[in-house]
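Here the structure is laid out as structure tokens; the discussion comes afterwards.
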Protein chains: 2
Amino acid sequence: MEIEEMVSKILELIKEKKIREIKKELANLEEIDIAEVMNELPLDANLLLVFRLLDKDMSTEIFANLDSEEQEYIINSITYKEISTIIEDLFTDDAVDMLEEMPATVVKRVLKNATPDTRNLINQFLKYPDSSAGSVMTSEFVDLKSNMTVSEAVNHLRKVAKDKETIYTCYVTDKTRILEGVVSIRDMLLANSDDLLKDIMEKDIISAHTLDDQEAVAQDFAKYDLIALPVLDNEERLVGIITIDDIVDVMTEEATEDIMKMNAIVPTEDPYLKTSVFKIAKSRIVWLMILMFTSIISGIILDSFENAISALPFLVVFIPMLMDSGGNAGSQASTTIIRGLATNEITLKDCLKVAWKEIRVALMVGVVLCAFMTLRIIIQYGLINPVEDTVVPIRLVLSVTGAMLATITAAKLVGSLLPMLAKKVHLDPAIVAAPMLTTIVDATALTIFFLLVKLMYQI
Amino acid sequence: MEIEEMVSKILELIKEKKIREIKKELANLEEIDIAEVMNELPLDANLLLVFRLLDKDMSTEIFANLDSEEQEYIINSITYKEISTIIEDLFTDDAVDMLEEMPATVVKRVLKNATPDTRNLINQFLKYPDSSAGSVMTSEFVDLKSNMTVSEAVNHLRKVAKDKETIYTCYVTDKTRILEGVVSIRDMLLANSDDLLKDIMEKDIISAHTLDDQEAVAQDFAKYDLIALPVLDNEERLVGIITIDDIVDVMTEEATEDIMKMNAIVPTEDPYLKTSVFKIAKSRIVWLMILMFTSIISGIILDSFENAISALPFLVVFIPMLMDSGGNAGSQASTTIIRGLATNEITLKDCLKVAWKEIRVALMVGVVLCAFMTLRIIIQYGLINPVEDTVVPIRLVLSVTGAMLATITAAKLVGSLLPMLAKKVHLDPAIVAAPMLTTIVDATALTIFFLLVKLMYQI
């Protein structure tokens, strides 16, 4: 709402050439909000105008928060000197995030205007694989030496604070850049000004390596309540730090990815509203195709019972209920387990505990569902069944409830164990669950139902 | 793994009465890891023994990270004096989290041993509703005055740093506790030591109110890259702060809750492995019952087409495929939109854009699926159909593909718009989607399929 109003206000002011007014409006906004307003502006000279009106102190931070279309447009429109200012000013992680989305020509244009040091650093950071700790770290950390006193360290901090992503946790390294300790501002405040860092620093350090998975890193942040984490290369040298704000983004991204995988979508990081219809269709068609083909299996099973269906066509009425209940029961179990694995609450060695628990849960919910099914059948078909000649439609009740109980149990077991099996063989638990589950559960439901029917009705 | 080994090692050492060895082992662990080890110990005198061996500096922090069974056992086993030490030492948020899980008698035992100030504070905090900003905030913030100089502020910080949850962001309040500004340690480092806080503090403050939803607060943290946020009461007085470590937990919790709701589970915060079978069954049965009854609708629809099924029983083969494809297509759309709404990427005013996008996606994936369906029918039934007498089984193809296209489109539309409608009427988008979707999609698929069949085969 507010953003939209601001966008039209700004466009209005541009039309009226009230430049000073625009500056005043922008001054009232947080940097992130200015970026959001700019993301809604059309990609034309007005965007550039607003960008150039920004306070120099804030413009790089705002630039870092623009969408990539806006970043690309600005990079292509400004002078080499302006590019150089931005790229030197950007934190390495923001620079890398930006360049990863740009076409090669733009990347070239940017790197050409960076200093050799910056260019080397960016090139090195660009090499870290997607979703690795290296891909989310930044190089702007505070680097101290163990023989500094606290007051020397604080003086150093004063000088560099402006250009560092965080100053609250500082890193003590030796001459070869090996990480020796971590010292927080809190530690320094509580120490005497002539204490040596080596005496107050924490030497038991929680760290990550550049190739570690970002999801594992996020779990460490959550577990140890970290606000920053040092990242080491293969030779244990400190190459960067990861800060909590990036981990918050990683957590959102990973949750979205899991949710998409659990619901048969090939995950993408593209924002929905800005992604083309073709790309969205592509991310969805794969699993729809796979699932369509696997559901043919259920069709074939039904086909093999054509005789029973011809003889007793009213049985078909129970198919949706069995399939839906089984599917839901299974996805309840798989959801619980996938999430438990993702948050590290459940581990593979809990496998038997999980199976035993799910069997009991299945029997408990199964019995309740069966009781209501029986009631429903009696209400619908009366105490004396048109097809059968018994007091209650006992054969129908036994077929339906038997199939229901077996389906729910199979669904809960498969739903809970499949994700664990996937993890065991190093597949993503989220991806195998829903689709395979539907197929297995449907096939089980139909087979058991019609086998029971055949047995009960002797056909 | 490591935790399990440590647990058996500790139990072994207890048996051998090697107390000093236990202390040495514990000293090598992070506080959180000690808590994890203790959570795995049996609830007996040994747990108490380990608790009393802990370093006094760390014992409260470790206590705060224990599971509630362990906390309860310890509270019930230690002296009043020890209880009093713990409760005075705990951060308010941790104390409240603990007491919320305890039986009334234990709460009484704890509060009786707290000072009146602490007791009042805890009682006040216990009143904030679940999932509100008040329920995740803590009272241990640094409170400064605007006429302090930077060096006075730093001296004050030195005195209080030990007992504050964060000292990196400090809060400037007036005599009536109204929040006037925020000043970070970074700001103070960059200022001169005789600058007044009122001149360097940030006066545009991002804050929350006690009754704000924790999910909205988490979104602010993510958007503005915060590490702490002040919380105000109705009179705009500062009553607490929320720190990023608690927001990380809120994010995990909210994602889990959404995932559960999307998969027809009544969400609980209880850890799966420690929850009873009955409680798990209870959290799952509700939706299974609702879904079982709604799937009766599909059954009734099938029932009304009994004639068609009797005449052409092979048609039943296509039912699972239509139902499964529709269900999957719908949940893809609903997942995308629910997640987009949760991360604020999609808002209600995008409703038309979303519908138009989903229609095009549906047609695109629908056409591909139909092409493959046609191929499949030709392969299975040959170019000349046993029932029909045409060159291709054209009537079957038209019935199946027509139903498929309509089902996919309906599924995508309903799947995307239902969560938005829910949000519009202030229901949780996650909860309405999956269950209602299945029913609507199944009913649509079956109705259209059999209507087309009747039309094509003139029955």
Side-chain angles (χ1 to χ4, degrees), chain A residues 32 157-158 161 167-168 185-186 189-190 222-225 227 244-245 248 251-252 255-256 259 263-265 271-273 277 280-281 284-285 288 291-292 295 298-299 302-303 306 309-310 313 316-317 320-321 324-325 328 331-332 335-336 339-340 343 345 357 360-361 364-365 368-369 438 442, chain B residues 32 157-158 161 167-168 185-186 189-190 222-225 227 244-245 248 251-252 255-256 259 263-265 271-272 277 280-281 284-285 288 291-292 295 298-299 302-303 306 309-310 313 316-317 320-321 324-325 328 331-332 335-336 339-340 343 345 350 357 360-361 364-365 368-369 438 442:
Chain A
I32 312 293
L157 268 181
R158 279 215 180 88
I167 58 163
Y168 301 139
I185 293 235
R186 191 192 282 246
L189 262 180
L190 292 173
K223 181 171 169 188
Y224 296 111
D225 291 349
I227 56 172
I244 183 71
D245 54 307
V248 165
M251 287 177 64
T252 309
T256 303
I259 291 175
N263 288 282
I265 303 172
Y272 175 79
L273 291 174
V277 169
I280 295 178
R284 295 188 186 173
I285 189 77
L288 285 178
L291 291 162
M292 193 182 70
S295 70
S298 310
L302 273 181
D303 200 35
E306 211 184 300
I309 297 172
S310 301
V316 173
V317 168
M321 192 211 60
D324 284 350
S325 297
N328 285 312
S331 81
Q332 288 179 333
T335 300
T336 308
R339 189 64 189 159
T343 55
E345 200 190 303
K357 197 157 216 158
R360 287 175 295 160
V361 171
M364 210 174 271
V365 298
V368 178
L369 293 181
T438 314
D442 284 1
Chain B
I32 312 293
L157 269 181
R158 279 215 181 87
I167 57 164
Y168 300 139
I185 294 237
R186 192 193 281 249
L189 262 181
L190 292 174
K223 181 172 169 188
Y224 296 111
D225 292 349
I227 55 172
I244 182 72
D245 54 308
V248 164
M251 287 177 63
T252 308
T256 303
I259 292 175
N263 288 282
I265 304 172
Y272 175 79
V277 169
I280 295 179
R284 296 189 185 172
I285 190 76
L288 284 179
L291 291 163
M292 193 182 70
S295 71
S298 310
L302 272 180
D303 200 35
E306 210 184 302
I309 296 172
S310 302
V316 173
V317 169
M321 193 209 60
D324 284 350
S325 298
N328 285 312
S331 81
Q332 287 179 332
T335 301
T336 307
R339 189 64 189 159
T343 56
E345 199 190 304
D350 298 318
K357 199 156 213 159
R360 287 176 295 161
V361 171
M364 212 175 269
V365 300
V368 178
L369 293 181
T438 313
D442 284 0

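Keep in mind that what you see is a predicted model, and the values were worked out from it rather than measured. Just so it is clear: chains get the letters A, B, ... in the order the sequence lines come, proteins before strands, and each one is counted from 1.
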Examine whether an atom of [X] lies under 4.5 Å from a heavy atom of chain B, and if so say whether it belongs to the side chain, the backbone or both; otherwise answer neither.
{"X": "Asp442(A)", "answer": "side chain"}
{"X": "Ile32(A)", "answer": "side chain"}
{"X": "Thr343(A)", "answer": "side chain"}

Winner by heavy-atom pair count (cut-off under 4.5 Å) against chain B, out of [options]:
{"options": "Arg284(A), Glu345(A), Met292(A), Glu306(A)", "result": "Arg284(A)"}
{"options": "Met321(A), Arg158(A), Lys357(A)", "result": "Lys357(A)"}
{"options": "Pro313(A), Ser325(A), Gly340(A)", "result": "Pro313(A)"}
{"options": "Thr336(A), Val248(A), Thr335(A)", "result": "Thr335(A)"}
{"options": "Ile244(A), Leu157(A), Ile227(A), Ile309(A)", "result": "Ile244(A)"}

Out of [options], which one racks up the most heavy-atom pairs below 4.5 Å with chain A?
{"options": "Leu190(B), Thr256(B), Thr252(B)", "answer": "Thr256(B)"}
{"options": "Lys223(B), Arg186(B), Arg360(B)", "answer": "Arg186(B)"}
{"options": "Val277(B), Leu302(B), Val316(B)", "answer": "Val277(B)"}

Please flag which part of [X] lies under 4.5 Å from any non-hydrogen atom of chain A: side chain, backbone, both or neither.
{"X": "Ile167(B)", "answer": "both"}
{"X": "Arg339(B)", "answer": "side chain"}
{"X": "Asp303(B)", "answer": "both"}
{"X": "Met364(B)", "answer": "side chain"}
{"X": "Leu288(B)", "answer": "both"}

For Pro320(B) and Val317(B), the nearest pair of non-hydrogen atoms, with its separation, is CD-O, 3.4 Å

Val365(A) and Ala281(B) have their tightest heavy-atom pair at CG1-O, 3.7 Å

Given 3.5 Å as the limit, does a donor-acceptor pair link the side chain of Asn328(A) with the main chain of Asp324(A), or not?
yes

CA sep, side-chain torsions, deciding dist, call: Ile285(B), Leu369(A), side chain to side chain contact (heavy atoms under 4.5 Å, CB included)
CA-CA 8 Å; Ile285(B) 190 76; Leu369(A) 293 181; 4.2 Å; yes

To the nearest 0.5 Å, what is the distance between CD1 on Ile265(A) and CD1 on Ile280(A)?
9.5 Å

